Amino acid sequence: MNHYIRRRIRLMLLFLLVLSPVGIALAHGVPEIAVDPTVCAAGSMITITGSAMEDGNTYTITLEGIKGSTPLGVTTAKSESGSEEAGFVVQYTVPASTAPGSYTVRAVTPDGDVATADLTVTAAAAQASAGPAMSQMASAEPHILDRTKPAGQIFVVAVVILLSAAGGLVLVRRKA
Amino acid sequence: MSTSIQTPPQRGTRRIADWLNERLGLQGIAYSVPEHANSLPYLLGGITLMGFIILIVTGIYLAQFYHPDPADAHDSVVYIITGAPLGDLIRSVHFWTAQIVVVTVLLHMLRVLFTGAYKRPREINWYVGLGLLAITLGLAFTGTVLKMDQEGLEALGHNIEAATILGALGGWFSADFSRSTPLLTRLFDAHATILPLLFGLFIFTHIFLIKAHGISPQVTSDAVSRATAGEGKSHFNVHLVRMIGYGLLVLAVALLLSLLIPAPLGQPGVAGAEVTKPPWMFIWLSPAEGVWGVRALVIIPAVLAVLLALVPILDRSPYLSPSRRRVLVIVAGLILVVIVVSAIVGSLQPVTAHLM
């Protein structure tokens, strides 16, 4: 096998490695956690599910962001009867004071086994609202705002519309 | 007896035009182009470009007032509507022009597909065009998220979940990519700098290649694909004037729609809920998402992109007429029908939750 072919095989292997989904990397024996939902409002509840863990290991769970680390709680991984792997399902409330932004939920054992998951925190619904149509419930309704425009502005825009349309038509219909 | 040569007096505008022509070489744009290049189907790309100029100008204005932070984004859009000078009007023109541009870019792609304008020697320009289509849809998607209303927040949720499915390839969309900068801020960067920069590079290449190869020949039963640079009875300055004319019409339509139906803004987004439908250009994916979940949003566009990329490779005959390319035209037509029907179904069916 010449050098050129070996180099191509190495490149292909590297390419496949890059394309491999994260799930493949997180194979049996490597603890992992999942957060549901992945985007939540400050003050709301999240569910953290741990898997591929060692039975009896204690995990300290924290919410880590640019401004520091916020402890969420401590839990122990347990295995179901007959299963080699252990895990946990816990629910925590994201502190209402959490600033909106990108966070990492980190579960770590005293031995240093770590599992992480991403969490995006938005402002609490009441804080994010502005204007008269404030709602703390998710809604597909439009945000009601006063969008009336002064008569002068409407007149000027109407003139611009007419000029643009007339100019456009003249240019489009102009003979070559 | 002596004689003197006298030049006829010139009008002021003519003198200005001559002065500019001498210094800028404007006569260089009057190169020959075929007459069919000035018809509406062959002007769709140029109309899209004119729309992008409106989008850039209005986008620069909006960026002065928009705050790309999850906590303040929606408030800043409210301020644009209620407080910024002409903010509601300019935001609405930006919104409506974006809708028009998505329509014209899709029609432009269909015109190129059905008239065989992707054939040799224009294959690479087809791929550049696909890149421009992807950039346009990327701009439409990021623009939707930036509002941070319920629709925007749900789009962001779909984005994050799609990135998870993509694994390492979706790393940029992960919140963990940058702990110092929220994903929303980075999507604004994409909307206002990264994608426009890519658009600039791609459109420059697109125009350069159109100039190099010329407009594809008019479709007749025996027409074959070939370079036409330097051919034709018309001139590019005529083409350019029509492009500008249609650009003014786009502006007039966008302004009229802005007065009649101002750009929508939903309630502030509440995380964890799914109560809105995606924007019309993505709603065709909704029925598939209902069946296969968010992974459909990754897999189906990827399959469609691969099929579009294969078009110049599979259809290698030189003929432009659709009647000589029946298989491709029928398959493309069927896919188009499925997309349209899916969009109608997606519009009519009730909202269902898909996010994990």
Side-chain angles (χ1 to χ4, degrees), chain A residues 18-24 34 36-41 44 64-66 99-104 116 118-123 125 127-131 133-143 145-147 149 153-154 157-158 160-162 164-165 167-174 176, chain B residues 35 38 69-71 74-75 78 81-82 86 88-89 148-151 153 156-157 160-161 164-169 174-176 178-183 234-235 238 241-242 244-249 251-252 255-256 259 262 264-273 275-277 351 355-356:
Chain A
V18 169
L19 287 180
S20 299
V22 168
I24 293 172
D36 180 37
T38 53
V39 180
C40 75
S44 64
E64 300 190 354
I66 187 79
S102 303
Y103 289 85
T104 299
T116 61
D118 301 329
L119 178 67
T120 299
V121 177
T122 65
Q127 293 170 5
S129 300
M134 197 165 69
S135 169
Q136 292 191 31
M137 295 291 290
S139 169
E141 295 300 310
H143 197 82
L145 298 164
D146 180 13
R147 301 179 83 162
K149 295 173 178 63
Q153 188 184 117
I154 293 172
V157 173
V160 174
I161 290 170
L162 287 173
S164 295
L169 284 172
V170 166
L171 294 181
V172 166
R173 296 171 68 88
R174 194 170 145 183
Chain B
E35 283 185 337
N38 299 325
D69 182 273
H74 189 273
D75 276 354
V78 170
I81 294 170
T82 59
L86 297 174
D88 193 19
L89 179 75
M148 278 305 268
D149 58 0
Q150 192 60 38
E151 182 189 53
L153 192 59
L156 183 64
I160 291 169
E161 198 154 317
T164 308
I165 291 165
L166 281 170
L169 287 177
S174 157
D176 209 24
S178 170
R179 298 265 295 277
S180 60
T181 307
L183 179 56
S234 187
H235 298 93
V238 176
V241 164
R242 292 217 175 151
I244 294 168
Y246 278 112
L248 287 172
L249 288 176
L251 178 63
L255 277 167
L256 184 63
L259 276 189
L265 177 68
Q267 303 270 344
V270 175
V275 296
T276 68
K277 290 184 177 179
V351 177
L355 295 175
M356 299 288 283

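Quick note on labels: first sequence line is chain A, next is B, and so on, each numbered from 1. Since the model is a prediction, treat every value here as computed from it, not as a measurement.
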Scanning both residues in full, the closest heavy-atom pair of Val78(B) with Leu145(A) reads CG1-CD2, 3.9 Å

Closest non-hydrogen atoms of His143(A) and Pro268(B), given as atom of the first, atom of the second and distance, are ND1-CD, 3.5 Å

Separation between CD1 (Ile160(B)) and OG1 (Thr120(A)), nearest 0.5 Å, reads 3.5 Å

Cut-off 4.5 Å, heavy atoms of chain A, and the answer for Ile81(B) is side chain

dist Leu249(B):CG -> Ser164(A):OG (nearest 0.5 Å) comes out at 8.5 Å

From the list Leu259(B), Asp149(B), Asp69(B), the residue making the most non-hydrogen contacts under 4.5 Å with chain A is Leu259(B)

To the nearest 0.5 Å, atom CZ of Arg147(A) lies from atom CG of Asp88(B) at 4.0 Å

Between Ser139(A) and Gln150(B), the two heavy atoms sitting closest are O-CB, 3.3 Å

Cut-off 4.5 Å, heavy atoms of chain B, and the answer for Leu162(A) is neither

In this structure, CG of Leu89(B) is separated from NZ of Lys149(A) (nearest 0.5 Å) by 6.5 Å

Scanning both residues in full, the closest heavy-atom pair of Ala252(B) with Ile161(A) reads CB-O, 3.7 Å

Rounding to 0.5 Å, atoms CZ (Arg242(B)) and CZ (Arg174(A)) come to a distance of 10.0 Å

